[in-house]
Amino acid sequence: MFKCDQCSERCIASNLPRQLLDDLGKNIAQIEFKKGDNIFREGALSQSVAFLKCGIVKLHLHGPVKEKILRIVKAPTYIGLPTSISDNINHFSATAIIDTTVCFIDLHQFREFIYNNGKFAYDIMVEMCENELLDYQRYTNQSQKQLPGMIAETILCLSDRIFNSNRFNFPLTQSELGDLVGTSRESVSRILSDFSQNKIIAFNGKELNILNRDVLEEISAKG
DNA sequence: GCATTAACCACAG
DNA sequence: CTGTGGTTAATGC
C-alpha cells in the first residue's frame, strides 16, 4: 500500500504540514499508466484530483470537427485542476504519451487542504495563473502566426519546457502535432520536411535534433 | 492577374 | 503513420 510519508517526489504533499500527510495517505491512490493509456476521460464523472508524479501527458478535447490537443504537460504538476474543481464532469481528457505515474487524491480531502492551508492553496494558484498566461500567449500566437511559425514555436517549446534539450524523442505523431497547433497532418508533414531539408532540424526516426536554433527562433518570431 | 498559404483528397510506401 | 501530388479557396500585392 502506497504511503505519502515514504514518497520522496516533490508533489502535492511537499508543502503540507507533516501531520496532514497521514490524512492524505488514506485518501490517495497512485497508479502507473503506459504510453497511450487514458488517465481520465472527457464526459466522465470525477471525484478526484489528479497529480502527475512522473511522465508526460497530453490534455485533449473533442472539438466540433476534430480532436484538439490543449496542452502537453510534464511532471510534476496537477493535471486537470480546472476540470476537477469547477465541475464534477470532466471537460477534457488526459492521455499518457510516455509511461507515467499519477496520484489521484480524493476531491473532498483536497478541498479540506485548500480550506485549511493558505500556502498550499497559494502555490496552486500561482501555477494556474502561470498556465493561464501561457495559454493566452499561445492562443493569440495561434490565431496570428502562420503555420511554420507555430510549428517552430511548438518545437522550441517542447525543447525548452518539456525536455530541456536540443535533442529528444519526439513524443507526438504528426497528426497529433496538427491537432495541437490547429492544422492538418499534411501541412505538418510538409513543414517538417521543409525544416529538415533546410538543415534546421533532423529526424532519426522519432528522435528530433535541433540543428539551427537561431533560424527556428526566427521563424517562430516572424510567424 | 499572379503568388502565396493552407486545406482537402487520394494514393502509396 | 507519413510523404507527396493535384486541386481548390482565400487573401494579398
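Chain letters run A, B, ... following the sequence lines, proteins first, then strands; residues in each count from 1. These values consider heavy atoms only, across backbone and side chains, with no hydrogens, waters or symmetry-generated copies.
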request  = Answer yes or no: does a side-chain N or O of A:S193 lie under 4.0 Å from OP1 or OP2 of C:dT4?
outcome  = yes

task = Heavy atoms under 4.0 Å is the rule here; annotate nucleotides 5-13 of chain B 5' to 3' with B where the base is hit, S where only the sugar-phosphate is, and - elsewhere.
result = SSSBBBB--

ask   = Is the backbone N or O of A:R41 less than 3.5 Å from a side-chain atom of A:N90, with the two atoms forming a donor-acceptor pair by type?
value = yes

query = Whole-Å distance between C:dT2 P and A:I151 CD1?
reply = 13 Å

query = Rounded to the nearest Å, what distance is computed from the CG atom of residue A:D179 to the P atom of nucleotide C:dT2?
reply = 12 Å

query = A:F33 vs A:F104 aromatic rings, parallel, tilted or perpendicular, using cut-offs 30° and 60°?
reply = perpendicular

inquiry  = A:L147: which residues meet the side chain to side chain contact (heavy atoms under 4.5 Å, CB included) condition with it, sequence neighbours left out?
reply    = A:T183, A:S187, A:I191

task = Quick one: do A:K119 and A:D123 satisfy salt bridge (charged side-chain N to carboxylate O under 4.0 Å, His left out)? Show the steps, please.
result = CA-CA 6 Å; A:K119 174 73 163 65; A:D123 288 344; 2.9 Å; yes

query = Can you list the residues that meet the side chain to side chain contact (heavy atoms under 4.5 Å, CB included) rule with A:Q197, with sequence neighbours excluded?
reply = none

